[in-house]
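This report refers to the structure that appears directly beneath it.
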Protein chains: 2
Amino acid sequence: MKSKLSPRQQRILSFIQEFMDDHQYPPTVRDIQSGCEVSSTSVVDYNLQKLQQMGYLKREREVSRGIALIGEGLKDSRRDIVRIPIMGSIAAGEPLQVPDAPTHADQSYDTVDLTSSLTKDRQDLFALRVKGTSMIDALVADGDLVILERAFDARDGDMVAAWLDGSEETTLKRFYLEGDMVRLQPENETMEPIRVPAKDVSVRGRVVGVVRSL
Amino acid sequence: MKSKLSPRQQRILSFIQEFMDDHQYPPTVRDIQSGCEVSSTSVVDYNLQKLQQMGYLKREREVSRGIALIGEGLKDSRRDIVRIPIMGSIAAGEPLQVPDAPTHADQSYDTVDLTSSLTKDRQDLFALRVKGTSMIDALVADGDLVILERAFDARDGDMVAAWLDGSEETTLKRFYLEGDMVRLQPENETMEPIRVPAKDVSVRGRVVGVVRSL
DNA sequence: GTTGACATCGCACAAATGGTCTGTTAACCT
DNA sequence: AGGTTAACAGACCATTTGTGCGATGTCAAC
């Protein structure tokens, strides 16, 4: 099915790539023609068909510049990027506000771009910058970026960002429901868990990732 | 210079973005026309001119689909992606091999894609998957991905991946040179530093990031 | 040498597509 | 009222551009 590329096909392929880097749109058949020193448009068309059969690109018929490269380099990395708004900081004692719809990154927030290999296509993500070392028992250091999926409840074992009415702070811990009490278990095994009444705990989000950039 | 966008201009702009996500090429004037429920191509042309004046996009005259978005959204995030090879695992007791030129991601390795906002344009990056909890004192959990910049020496305070001849293991610690001894200080302040002769320590890489995906 | 698949070539057609011209409407200013 | 301007509408034209088709060249198999 997938045989080797002729020198001309290779040239065409890399020309398309170059062209799309320079401009922002694909070349026409005639662009390729002159760029690859081919004497006829139909030759280009012929080879494009071949390349399409071999799975190197996709074409839309009757559409000018209807060429789309496919395969590793482009589609995977360039496409699946999620822009995540950094909604604020998380630190002991500070209130944490999580707006209703953090889906669409407003211009007003800082953002991080992550590839979907890390977010696994989850929706409703937002990020918090960790201030201070108060989350160190969750294996999160000062300056880390915590990626959260918006959530208002949690299942046992989830790592969550939760607001504690009692101590007036937001913290990152593993969540376990025990009757009408909630046990919040630090990630770090050398630290002790804390138990609080379920009514005094409100979950703000489920942690799906941590990013530390030094 | 840069005034506000009319609702129609906003719609056109986001339509272009959507369209380019779906297909791989920019829309035609008529695509925009029907997509944004405009009754005339001239209106689209008119607004595209405006948008161009305001610097939201670039157009090439007489060229079909000659539209290129500029500014934040596209060029910055979508372009600067680094594919980092995951060269193996790091775990107590296991040898760690760091090949000479990990720059070009071979097909043979798994890879992660990170945006340059996290890598800060550093070169010669590779990643290691952490196995086990032996790095927990460096605030690194089981399954985390450590991003490293290839290095064979370190400056005081750098977080490094180092091979210890004595205990036959690779570990992640902060590096401090004290005479002919090296002090390796865990990130976690509750843990004690260790000191070893400098000759028994060989630095393999400088940690530039940690990624935890749950 | 003949045959036939494969790649190429030149050309022309028609659809796709960008640009422009002429009005129209509504808001705004004097 | 009169004039100016931004935004829009509809029709029209010119070019760009994909595609079809027949002819030609190439090369290996028979």
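Per chain, numbering begins at 1; letters A, B, ... match sequence-line order.
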Name all residues meeting the ring pair (Phe, Tyr, Trp, His ring centres under 6.0 Å) criterion together with A/Phe19; count only those two or more places apart in sequence or in a different chain, and write none if there are none.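 For A/Phe19, the residues satisfying ring pair (Phe, Tyr, Trp, His ring centres under 6.0 Å) (neighbours in sequence not counted) are A/Phe15, A/His23.
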
Near DNA chain C, which residues from residues 37-44 of chain B have a heavy atom under 4.0 Å away? B/Thr41, B/Ser42

Are A/Arg65 and A/Asp31 close enough for a salt bridge, meaning some N to O gap below 4.0 Å?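 Here A/Arg65 pairs with A/Asp31 in a salt bridge, since their nearest N and O are under 4.0 Å apart.
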
Within the 3.5 Å criterion, strictly below it, is a donor on A/Tyr25 or B/Glu60 matched to an acceptor on the partner's side chain?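 A pair is found: one side chain offers a donor N or O, the other an acceptor, under 3.5 Å apart.
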
Taking all non-hydrogen atoms of both residues, which atom of [X] and which atom of [Y] are closest, and how far apart?
X	Y	value
B/Asn47	B/Arg8	ND2-CD, 3.9 Å
A/Thr41	A/Val29	O-CG1, 3.4 Å
B/Ala127	B/Ile147	CB-CD1, 4.0 Å
A/Cys36	A/Arg11	O-NH1, 3.7 Å

For B/Tyr46 and for B/Val63, find the nucleotide of DNA chain D with the closest heavy atom, then tell me which residue's nucleotide is more 5'. B/Tyr46

DNA chain C: B/Gln49 or B/Arg65, which has the more 5' nearest nucleotide?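 The 5'-side residue here is B/Arg65.
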
From the 5' end of DNA chain C to its 3' end, which nucleotides mark the outer limits of contact with chain A, defined by a 4.0 Å heavy-atom distance cut-off (strictly under)?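 Taking any atom under 4.0 Å from a heavy atom of chain A, the span is C/dC6 to C/dT17.
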
Salt bridge (Lys or Arg N to Asp or Glu O under 4.0 Å) pairs, two or more places apart, involving residues 38-50 of chain B: B/Asp45-B/Arg59

How would you give the extent of chain A contacts on DNA chain D, as first and last nucleotide 5' to 3' within a 4.0 Å heavy-atom cut-off?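 So the contact region on DNA chain D extends D/dT17 to D/dC21.
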
Between CG of A/Leu145 and CD1 of A/Ile86, what distance do you get to the nearest 0.5 Å?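 Answer rounded to 0.5 Å: 4.5 Å.
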
Applying ring pair (Phe, Tyr, Trp, His ring centres under 6.0 Å) as the test, list every pair that has at least one member in residues 194-214 of chain A; sequence neighbours left out.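 Output for this query is empty, none listed.
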
